[in-house]
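Read through the structure below, which is laid out as structure tokens, and then see the notes.
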Amino acid sequence: MTATAIDAEPIVSVRGLSKRFGDVTALDDISFTIEPDKIYGLLGRNGAGKTTLMQILTGQDTQTSGDITVLGGTPFENARVLRNICFIKESQTYVDDLRVKHVLTAAGHLMPGWDREFADRLLDDFQLPLCRKVKKLSRGMKSTLGVIIGLAARAPLTLFDEPYLGLDAVARHLFYDRLLADYAEHPRTIVLSTHLIDEVSNLLEHVIVVDRGRIVVDDGADALRSRAVVATGPAEAVDAFAAGARVLHRESLGSHARATVERTATEPEHARLRAAGIELEPVSLQDLVIATTTGAREITA
Ligand SMILES: Nc1ncnc2c1ncn2[C@@H]1O[C@H](COP(=O)(O)OP(=O)(O)OP(=O)(O)O)[C@@H](O)[C@H]1O
């Protein structure tokens with residue numbers, strides 16, 4: 001099955017999903033869908049439940065309760081579904097004695113959409129030594145191997161769980177670049193879980209934020225960004241602009257203020273605000289995620 005074969009149907013459908021580990025509730029009655037051919041960001045603080053969710057989506061664990069459908073079936077022990085999923089985790093383990101080329105050959109056998117030529121190009125781009133044993137790779141090189149497999153597998157559903165451990169900034173940007181370029185040519189569903197929100201914010205089309213086992217944001221990235229603005233100017237004018245709206249953050253700068261406010265402004269309003277000395281800037285995705293997961297009014301502007 002390919003991503004196009006299931007067209008408008010959601011790739012993932014989750015209803016009332018909960019996962020408990022003893023007295024820890026890692027996921028608490030969550031429901032959402034994942035549409036085909038989009039790049040999703042799965043974001044949230046440490047321990048929010050992201051990895052647990054991805055483990056269940058990819059059949060590596062089972063839920064305590066609730067329903068889950070991935071690519072038209074339940075993922076657990078479902079070979080047809082699992083063949084079409086590629087899950088790359090930060091803590092990915094490989095058989096240490098194998099060389100890079102053996103790992104890539106094995107991935108090619110397992111993944112129906114595997115593109116060997118693309119994998120070779122990525123090896124070249126990331127300068128990963130083909131003949132080196134996996135156990136001799138540096139931490140960053142091991143992450144690179146995961147990233148190459150995740151991209152070259154071209155799975156209809158690809159999940160990256162913080163795949164960057166040890167990757168330097170150049171390698172991370174190379175990953176973002178190759179991901180976007182290949183996604184444009186071969187659209188598929190990609191779920192990216194990361195704490196480097198600013199770095200990936202331009203890649204994401206849809207954002208799901210998990211907080212303490214619950215979904216607190218499930219929205220298009222553009223819609224999310226247009227939810228709030230940062231207003232800077234004379235304190236009185238800024239406060240008048242913010243009146244009646246939720247203020248995510250406010251700081252005083254002498255007689256001036258800078259506030260992140262959950263509201264939008266129309267074009268004519270923009271002109272009036274400029275005349276009153278107020279500058280409006282778009283809010284960053286990272287600030288919004290911090291605001292929604294801390295529940296605090298203090299966020300870094
Ligand atoms: N096997 C397990 N046994 C007990 N508790 C677990 C287990 N796996 C996860 N948890 C707990 O479930 C909660 C969610 O963990 P999870 O790893 O899903 O978070 P996360 O959002 O991926 O965090 P991070 O960003 O730090 O990777 C945490 O409280 C964690 O301690």
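Index from 1, following the sequence. In listed order, ligands and their atoms are each counted from 1. Model, not experiment: these values are computed from the prediction.
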Quick one: ring-ring contact (aromatic ring centres under 6.0 Å, His included) partners of His173, sequence neighbours excluded?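 So His173 forms a ring-ring contact (aromatic ring centres under 6.0 Å, His included) with Tyr176.
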Taken in chain and number order and not counting sequence neighbours, the residues that satisfy ring-ring contact (aromatic ring centres under 6.0 Å, His included) with Tyr40 are His206
* Asked: Using a distance-only test with no angle check, is there a side-chain donor-acceptor pair under 3.5 angstrom linking Gln55 and Lys50?
  ->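 Short answer, no.
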key: With Val289, the side chain to side chain contact (heavy atoms under 4.5 Å, CB included) member among Val209, Asp211, Val216, Val217   =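 Per the side chain to side chain contact (heavy atoms under 4.5 Å, CB included) rule, the option paired with Val289 is Val209, out of Val209, Asp211, Val216, Val217.
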Residues with a heavy atom under 4.0 Å from ligand 1, by chain and number, are Phe21, Val24, Ala26, Arg45, Asn46, Gly47, Ala48, Gly49, Lys50, Thr51, Thr52, His195
Which pairs of donor and acceptor atoms, one on a side chain in residues 100-112, lie under 3.5 Å apart (sequence neighbours left out)?
from   : atom 1 : to     : atom 2 : distance (Å)
His102 : ND1    : Arg99  : N      : 3.1
Thr105 : OG1    : Lys101 : O      : 2.8

Has the side chain of Arg188 got a donor or acceptor atom that lies under 3.5 Å from a matching backbone atom of His186?
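Yes; judged by distance alone, with no hydrogens or angles, the pair exists.
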